[in-house]
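A short worksheet on the structure shown next.
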2 protein chains.
Amino acid sequence: MGTTKTEHFTEKQNELALLAKALGHPARIAILDYLSTVDTCICGDIVKELPLAQPTVSQHLKELKNAGLIKGTIEGNSICYCIDETALQHLNTYIAHISEGISKRKTCC
Amino acid sequence: MGTTKTEHFTEKQNELALLAKALGHPARIAILDYLSTVDTCICGDIVKELPLAQPTVSQHLKELKNAGLIKGTIEGNSICYCIDETALQHLNTYIAHISEGISKRKTCC
DNA sequence: TTTTTATATCGTAATATTGCAATATAGAAA
DNA sequence: TTTCTATATTGCAATATTACGATATAAAAA
């Protein structure tokens with residue numbers, strides 16, 4: 001065990017879970033926070049900003065990239081990372097969908 | 001290691017990460033999906049709905065409850081679970097905040 | 001070319017998560 | 001009370017995540 005039984009759930013449920021999972025670490029939230037406040041977005045700046053070693057930050061960046069939450073473009077020697085809003089909008093749409101669903105039911109608890 | 005270094009991040013970052021983490025499993029997304037479509041919300045129905053054993057579902061429900069995403073009320077013999085929208089709204093607010101931050105910067109990548 | 005600078009990957013230890021059988025608990029029904 | 005029904009908890013095996021030192025890679029600078 002320790003393995004999520006993804007095969008039993010819908011593709012959408014799995015996708016949303018992966019997206020949320022990528023947001024489920026304070027370092028990754030901190031990275032998004034930082035990226036949303038700066039004009040330039042060089043990887044090295046993120047490493048300096050976070051209280052974690054460079055390989056650890058690199059790993060978190062990879063996970064955010066895998067989830068589609070950020071994208072990176074090579075800029076000479078270094079890499080420019082920035083937020084891809086599309087993925088975030090998916091989450092927002094989902095939450096809105098759930099809220100709408102609830103508003104159509106009787107409140108039970 | 002294996003332990004998240006929460007002490008280095010802000011309270012808000014940690015809270016949001018915990019919230020997102022709770023959403024970061026397809027079974028828990030499936031539970032929210034289900035709760036948003038039914039009027040009654042008896043725990044047993046959720047167990048029947050999900051392709052997981054009862055103890056596993058119970059564990060997922062506990063995590064959703066810990067994150068404040070659902071609440072449960074005792075209803076005689078059984079328990080009535082339902083979504084608490086407040087937590088979901090926190091996530092939505094955060095995403096909106098990030099989006100707003102981005103729109104104020106020059107697009108870089 | 002050699003060296004520096006920036007980032008990624010590998011390997012690994014510590015810890016967390018997932019899933020379930022077995023069992024506990026507690027209210028309802030008999 | 002005894003039994004049934006609904007849910008939670010315990011214990012454990014399998015796997016995943018987090019963090020980082022050491023190392024690789026690759027472009028820039030010297």
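Letters A, B, ... mirror the listed sequences (proteins, then strands); counts begin at 1.
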Out of [options], whichever nucleotide has its closest atom nearest the side chain of [X]:
X: B:T3; options: C:dT18, D:dC20, C:dA16; result: C:dA16
X: A:Q54; options: D:dT18, D:dT9, C:dT7; result: C:dT7
X: B:Q59; options: C:dG19, D:dA16, D:dC20; result: C:dG19
X: A:S58; options: C:dT18, C:dT17, C:dA8; result: C:dA8

Next item on the list: Take B:G76 and B:P55, find for each the nucleotide of DNA chain C with the closest heavy atom, and name the residue whose nucleotide sits nearer the 5' end.
Entry: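 Closest to the 5' end, via its nearest nucleotide, is B:P55.
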Margin query: If you assign each of B:T4 and A:T4 to its closest nucleotide in DNA chain C, which residue comes earlier from the 5' end?
Written below: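 Checking each residue's closest nucleotide, the 5'-ward one belongs to B:T4.
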Next item on the list: Show the numbers, then the answer: is there a side-chain contact (heavy atoms from CB on, under 4.5 Å) between B:I98 and B:I102?
Entry: CA-CA 6 Å; B:I98 291 289; B:I102 296 171; 4.0 Å; yes
Short side-chain N/O contact from [X] to OP1 or OP2 of [N], under 4.0 Å:
X: B:K21; N: C:dT17; result: yes
X: B:T56; N: C:dT18; result: no
X: B:H60; N: C:dG19; result: yes
X: A:Y81; N: C:dA8; result: yes
X: B:K5; N: D:dC20; result: yes

In whole angstrom, give the distance that lies between atom [atom1] of [X] and atom [atom2] of [N].
X: A:I74; N: D:dA26; atom1: CD1; atom2: P; result: 10 Å
X: A:N66; N: C:dA8; atom1: CG; atom2: P; result: 12 Å
X: B:L50; N: D:dT7; atom1: CG; atom2: C1'; result: 15 Å
X: A:L64; N: D:dT18; atom1: CG; atom2: C1'; result: 14 Å
X: A:K65; N: C:dT7; atom1: NZ; atom2: P; result: 12 Å
X: A:N14; N: C:dT18; atom1: CG; atom2: P; result: 13 Å
X: B:L52; N: C:dT18; atom1: CG; atom2: P; result: 11 Å
X: A:E63; N: C:dT9; atom1: CD; atom2: P; result: 12 Å

Can you pull every protein N or O that's under 3.5 Å from an N or O on nucleotides 1-6 of chain C?
| from | atom 1 | to | atom 2 | distance (Å) |
| --- | --- | --- | --- | --- |
| C:dT5 | O2 | A:N77 | ND2 | 3.4 |

Check: For the hydrophobic clusters of this structure (ILVMFWY residues joined by side-chain heavy atoms under 4.5 Å, transitively), does one cluster hold both A:L16 and B:L18?
Finding: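 No, A:L16 does not connect to B:L18 through the hydrophobic network.
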Strictly distance-based, threshold 3.5 Å: is any side-chain N or O of [X] a donor or acceptor partner for the main-chain N or O of [Y]?
X: A:T93; Y: A:Q89; value: yes
X: B:S99; Y: B:I95; value: yes
X: B:D84; Y: B:K71; value: no

Notebook entry, point to check: Will you find, in the side chains of B:D33 and A:Y94, an N or O donor that is under 3.5 Å from an N or O acceptor?
Noted result: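 A donor-acceptor contact under 3.5 Å links the two side chains.
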Margin query: Quick check on B:E7: does its CD atom have over 12 non-hydrogen neighbours (other residues, nucleotides or ligands) under 6.0 Å away?
Written below: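 Buried by this count: over 12 neighbours within 6.0 Å.
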Note to self: Any base atoms under 4.0 Å from A:E75, or only sugar-phosphate, or nothing? Heavy atoms, all strands.
What the structure shows: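 It contacts nothing in the nucleic acid.
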Item checked: Aromatic plane relationship, B:H25 with B:H60 - under 30° parallel, 30 to 60° tilted, over 60° perpendicular ->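 B:H60 vs B:H25 ring planes: tilted.
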